[in-house]
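One structure below.
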Protein chains: 2
Amino acid sequence: MASSIHDLARHLNISIGTVSRALNGRADVNADTRQRVLEAARTLNYSPNQSGRSLRQGATHSIAFMLQPHPGDQQYGEPFFMPFLIGLQAKLAESGLDLIVVMGAPGDYQQERLRRVVETRRADAVVLAWTRREDERIDYLTQAGFPFATVGRSRSGARPYPSLDLDFEKAGADAVDRLVARGHRRIAAIRPSLDLNFSYLFLDGYSKGLLRHGIEVDPELIADGFINEAGGYAVTPRVMRSKNPPTAIIFNNDVMALGGCKALAEMGIRPGQDIAVTVIVDTPLCRYFSPALTAFRPALEPMGQRLAEMLLASIPAFAGPEGPRIIREVWPLELVARDSD
Amino acid sequence: MASSIHDLARHLNISIGTVSRALNGRADVNADTRQRVLEAARTLNYSPNQSGRSLRQGATHSIAFMLQPHPGDQQYGEPFFMPFLIGLQAKLAESGLDLIVVMGAPGDYQQERLRRVVETRRADAVVLAWTRREDERIDYLTQAGFPFATVGRSRSGARPYPSLDLDFEKAGADAVDRLVARGHRRIAAIRPSLDLNFSYLFLDGYSKGLLRHGIEVDPELIADGFINEAGGYAVTPRVMRSKNPPTAIIFNNDVMALGGCKALAEMGIRPGQDIAVTVIVDTPLCRYFSPALTAFRPALEPMGQRLAEMLLASIPAFAGPEGPRIIREVWPLELVARDSD
DNA sequence: CGTTTTTCCGTAAACGTTTACGAGAACACA
DNA sequence: TGTGTTCTCGTAAACGTTTACGGAAAAACG
């Protein structure tokens, strides 16, 4: 079943060294022998043992994406990440790299899992998502000298590292601009309660947007909750019951918006009619909700591809002739105007 | 940085064999030396190189979950699988196994990816999801003698294999029962157009349910679409515009229901008032939609745990003293009555 | 034909583990 | 003291690759 390089060598009556060289496309092997080797490999259904080559080369040819549920959440934010992963995987495959997604148990915030991946050398590099404002994972990886890239920024990290993020700050400000232009002055912001960095960026943009229009930031109109439907559901009534309730709400993500709209519905408040609703990160949910939610859309699949390029560019073994480079980029979020505001 | 077993041996002035035995908890090593080895391992920050032990043992200590987007879909059905994966991963970890999620490119239906995993021995077993009625992956794995388990059943497979499925047939029939009891006789069914096995099971149950009440199955009330929001959106108007339109719709999954409800909204038809809507597989979306959707709920996390047990029980190396066993189970879907019917 | 270069291939070591085997030391028992 | 048993540990092979090195044969060159 499992045919090794020795089987090929024996079958062709040549040495294993030659077989290996032929397979790996090295120059010092006769064109004819190479042909025979490749053919034998096909007929004997040979494919190289990963453990063997990893051990010899000190490289696993795989990149790990760390997947972690948030505490209090069972959703992983996947509607967001799946298109991203498609792009990432496609680009990595071009360089012969496999993408593996490493699961963590809920609650331990990946540290333990990450250590495992790094120390047992299960992957050549990792991709981190859901970066936090202070992110111990980033500190650990830089300190360990392990290659990585992040989707999202962070304050952590002694050395620079490749990162790709969305411009949540601009989106937050743009959302305010649009609502103000439509006559709103009481605008609420609902965001995750965790230390997630994009949550801060969003709030910064929101605040700057308000100030730009001479509107004071009212703490009563800002609320934090779990980053899931239940979080939005729990927290939205709170801002609606403030002394001077908002006429518009900006939700930081789609699932919190879903929960929030549920709460609004139960209060008899209709998005798009009685209140304006804007969502920062667009997903199919926003589009197919009724009313369709105005949202800011990321280019997820291209982002995945780009992050792969950036990650590889930072690793000496994969970087081009000009040597490794650290690339950091922030991509725009594009407004998709729909019916909810 | 990367300390090996040789480093430990040199540091302690003993042989690598002894170190290895101490680390692996074998009996023939002095309690005192074991203590010293373990301590040195901690201070030198040793952890075994996976490639090394995999190569030697012929086992990778990891299980692969094959993740594949459907053609025409970018969603992966993750809201469904994530809690399942949490359970799966938790149980596998108890046996020292890592769960890795292997991505496939959209469209190639995993075959290529699966071959890669199997042939390069990247995992000791795989878990398949989204089983099809005729599933070449199952044929391939049985023929290759590679351990696997599925969530979902299939017609394929020369030999029996562990599988865990939900009782879509009963859920379909129960949904009909409930709707009939509430006075409906024109009941539509909307399901994925792919060869997915649960789609057939659902339709069987639906048909049997109707016949049980003496209601003829009307092909005009059955529609197939992409298993995503767009699919439900595209296909729902078709059944609504039939000569004798339905007064109730059963959707096979949450995302198609979301799209379908969008289409209904645009036609001025309100779920829960103008039409009854039932969803077979419950997710947070169903709960937080307005109106909350009546749905059938699976116990996803326990299912993940159970499948891990079943998979391990089927592998000689992990099975208990009574030897390997093939377990197949079908779990119930529990009705959660809400506001949409 | 002698010398140099090129082409091609075999040999063997190395990657980090695990483990079968055997041997020395300590101990028990008569 | 002689014999057998039990504890411990070192030695070395093996897992499947890749690759540095060197050498034989062929080709090129004068």
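As the structure is a prediction and not an experimental result, all values here were calculated from the model. Numbers restart at 1 for each chain; the letters A, B, ... are given by sequence-line order, proteins then strands. The figures that follow rest on heavy atoms only: side chains count, while hydrogens, waters and symmetry mates do not.
- Note on B:S20: a base of the nucleic acid sits closer than 4.0 angstrom, heavy atoms only.
- Considering only the side chain of A:Y46, D:dT17 comes nearest among D:dT17, C:dT19, C:dT17.
- When distances are taken from the side chain of A:N30 to each of D:dT17, C:dC8, D:dC9, the shortest belongs to C:dC8.
- Here the side chain of A:I5 is nearest to one of D:dC9, C:dC9, D:dT18, namely D:dT18.
- Formation of a donor-acceptor pair under 3.5 Å by the A:D139 side chain with backbone atoms of A:G157 is found in this model.
- The separation between A:Q35 atom CD and C:dC9 atom P is 13 Å, rounded to whole Å.
- OP1 or OP2 of D:dG10 lies within a sub-4.0 Å distance of a side-chain N or O belonging to B:T18.
- A donor-acceptor pair under 3.5 Å is absent between the side-chain atoms of A:D124 and the main chain of A:I63, judged by distance alone.
- Protein atom CG of A:N24 is 15 Å distant from nucleotide atom C1' of D:dA20, rounded to whole Å.
- With C:dA14, C:dT17, C:dG10 as the choices, the nucleotide that has an atom nearest any side-chain atom of A:R21 turns out to be C:dG10.
- For the residue pair B:S15 / B:T18, a side-chain donor-acceptor distance below 3.5 Å is found, with atom types taken as modelled.
- Classification of the A:F84-A:F65 ring pair by plane angle, with boundaries at 30° and 60°, yields tilted.
- The side chain of B:I16 lies closest to C:dT17, out of C:dT19, C:dT17, D:dT18.
- Nearest-nucleotide mapping onto DNA chain D: of B:V19 and A:R53, the residue sitting toward the 5' end is B:V19.
- The side chain of B:S15 has D:dG10 as its nearest neighbour among C:dT19, D:dT19, D:dG10.
- Closest to the side chain of A:D28, from the set D:dG10, C:dC9, C:dT19, is C:dC9.
- Listed nucleotides: C:dC9, C:dT19, D:dC9. Nearest to the side chain of B:T33: D:dC9.
- Between A:N13 atom CG and C:dC8 atom P the separation is 20 Å, expressed in whole Å.
- In terms of phosphate contacts, B:R26 brings a side-chain nitrogen or oxygen within less than 4.0 Å of OP1 or OP2 of C:dT19.
- Using modelled atom types, one finds a donor on one side chain and an acceptor on the other under 3.5 Å when comparing B:R328 with B:S163.
- Put simply, A:N49 has no side-chain N or O that comes within less than 4.0 Å of OP1 or OP2 on D:dC15.
- Rounded to whole angstrom, the span from the CG atom of A:L12 across to the P atom of C:dC9 amounts to 11 Å.
- Taking atom CZ of residue A:R34 and atom P of nucleotide C:dT7, one finds them 14 Å apart after rounding to whole Å.
- At most 12 heavy atoms of other shown residues, nucleotides or ligands fall within 6.0 angstrom of atom NE2 in B:H11.
- The distance between atom CG of B:D32 and atom P of D:dT8, rounded to the nearest whole Å, is 10 Å.
- Atom NE2 of B:H6 is separated from atom C1' of D:dT11 by 12 Å (rounded to the nearest Å).
- Using a 4.0 Å heavy-atom cutoff across all strands shown, B:G58 reaches no nucleic acid atom at all.
- In this structure, A:E119 atom CD and C:dG16 atom C1' are separated by 16 Å, rounded to whole Å.
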